[in-house]
Protein chains: 2
Amino acid sequence: MTVDLAIFTVLDRLLHLLVVERGEPPFAGALALPGGFVRPNEDLDEAARRELLEETGLAAMTERGGPHLAQVGAFGRPDRDPRMRVISVASFALVPPELVPQIRAGGDAAHARWVLVRDLRELSESPLAFDHPEIIDAALTRLRSDLDQTSIAFALVPDPFTIQELRTVHEAIGGAPIDPGNFRKRVLRMIDDGMLELARGKRQTASKPANLYRFVAPR
Amino acid sequence: MTVDLAIFTVLDRLLHLLVVERGEPPFAGALALPGGFVRPNEDLDEAARRELLEETGLAAMTERGGPHLAQVGAFGRPDRDPRMRVISVASFALVPPELVPQIRAGGDAAHARWVLVRDLRELSESPLAFDHPEIIDAALTRLRSDLDQTSIAFALVPDPFTIQELRTVHEAIGGAPIDPGNFRKRVLRMIDDGMLELARGKRQTASKPANLYRFVAPR
DNA sequence: TCAAAAGTGTTTCTCGTACACCCATGT
DNA sequence: ACATGGGTGTACGAGAAACACTTTTGA
């Protein structure tokens, strides 16, 4: 039993995934999702959170209650690992861009790097180990569907965020540009639904300073 | 590693779940989801489908390509089974009402029976074994969310079905009555989206005979 | 003064909801 | 004839989409 993690962030307006380069066979030199074995007395969520910490060193995230983590599914094809029977429970994690620079500081993270999700799909599956292409597809599908139905988008923006930052996340995941005026109205509606609130201060931009908003956790 | 199954159907306009009564400790006498161990060379979906067959004897379902089966998630609390560490991958399955009468014919199914989902929730968790209340909750949540986004509703109606039969499924899962006129319009829209087609014949009802429709698999 | 992005407004269309009503059939 | 449920029509409102426009800043 292992857990594998699809750790996403939005950098430079594009969706990125954290991958590690494998040092040993099988698939030496190939890219793979970070992951590891579940310990004997560990819950699956616990194991995923521990791996996330080990791979990213992001202890600091606990101040926001930790990064968003959600299970994607179990993958158990008998031949998915040539060495032995391994069943993996995959989760996806969302890292806000403010914390991305801290990741290199982590322990196992020396060999970890961000790759563009768009590039992964163009290169097809060539450089990816095991059944990880399949896992990534499932994680992406889940990510996109959760985007419209849950509040996961807020896990990918800085804590007080501008409307543009939030829109950028939606565009990166959805893959298509969104009309800024219309998106603004969606955000305003979230405000009088009590889901968001205006925060103090302004964010400097290339032009007119932007209002800041904050996600209000449901009571 | 085990698979557990939440097998649903709609009987008498209400959502039902197939449960077995446990014969041995732990939880002897309690109700539990059907399930079993994953075999060494079996994929998880394969194991789930095999268990479904063993528990229901519904070989006949293959004529419609088998019942709908989808993974819900993995459950791995270290103490979920007092005997040993067991991680279970839960799936839900949907059985159309036409096949329900055949289920008693199955092998392991002698001790299986349908219970009202509504009753399960009223009785809280008292009579359910292991963490099965949690699994059932997750399966229900998934069922409800898939209902609006996928075509799973068609797996719970007879093959040519009436609009009322389809509406009944939505009402049973959603738990609330739906305006018949409005629901009809939704169905008509599905028809000119090419998702449904009018089938020949009529279904006898307590009043005016109803048109029959058929689900058209996406090409 | 000009570019860039924030923010506002307008119009059109689709869809969900509520609800009134007609139609065909078995009893 | 009448209850039952199939099937149709209307009216309102929320929200998605397309797009023009004004405002405020930095360069």
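Predicted model only: the values in this text are computed from it and were never measured.
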Ion pair check, R50(B) and E46(B), cut-off under 4.0 Å =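 No, no charged N to carboxylate O under 4.0 Å.
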**Prompt:** Taking 4.0 angstrom as the limit, do E134(B) and R77(B) come out as a salt bridge?
**Reply:**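 Result for this pair is yes, salt bridge flagged.
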How long is the line joining [atom1] of [X] and [atom2] of [N], in whole Å?
X: E165(B); N: dG6(D); atom1: CD; atom2: P; answer: 9 Å
X: R167(B); N: dT4(D); atom1: CZ; atom2: C1'; answer: 12 Å
X: R203(B); N: dG5(D); atom1: CZ; atom2: C1'; answer: 15 Å
X: K202(B); N: dG5(D); atom1: NZ; atom2: P; answer: 18 Å
X: R189(A); N: dA16(D); atom1: CZ; atom2: C1'; answer: 8 Å

Stepwise side-chain contact (heavy atoms from CB on, under 4.5 Å) test for I7(A) and L52(A): CA-CA 8 Å; I7(A) 306 173; L52(A) 178 64; 3.5 Å; yes
Q. In terms of side-chain heavy atoms, does Q164(B) have a donor or acceptor partner in R13(B) at a distance below 3.5 Å?
A.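 Yes, a side-chain donor-acceptor pair sits under 3.5 Å.
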Does the pair V72(B) and I135(B) meet the rule for a side-chain contact (heavy atoms from CB on, under 4.5 Å), with working shown?
CA-CA 8 Å; V72(B) 172; I135(B) 295 181; 5.8 Å; no
A correct 5'-to-3' footprint of nucleotides 19-27 of chain D, with B, S and - meaning base, sugar-phosphate only and no protein heavy atom under 4.0 Å, is B---BBBS-
Item to check | Shortest non-hydrogen contact between G35(A) and D4(A), atoms and distance | outcome: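 Scanning both residues completely, I find the closest heavy atoms to be CA-OD1, 3.7 Å.
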How would you give the extent of chain A contacts on DNA chain C, as first and last nucleotide 5' to 3' within a 4.0 Å heavy-atom cut-off?
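Nucleotide range with atoms under 4.0 Å of chain A: dA4(C) to dT10(C).
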Quick check: on DNA chain C, is the nucleotide nearest I163(A) upstream (toward 5') of the one nearest R186(B), or the reverse? Name the residue that is more 5'.
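With R186(B) and I163(A) compared, the 5'-side residue is I163(A).
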Intermediate values then yes/no, side-chain contact (heavy atoms from CB on, under 4.5 Å), E171(A) and F183(A)
CA-CA 11 Å; E171(A) 289 174 335; F183(A) 188 79; over 6 Å; no
*Under 6.0 Å between ring centres, would you say that holds for F161(A) and F215(A)?*
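When the ring centroids of F161(A) and F215(A) are compared, they turn out to be at least 6.0 Å apart.
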Looking only at side-chain N and O atoms, does R184(B) come under 4.0 Å of OP1 or OP2 in dG6(D)?
->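 For dG6(D), OP1/OP2 do not have a side-chain N/O of R184(B) under 4.0 Å.
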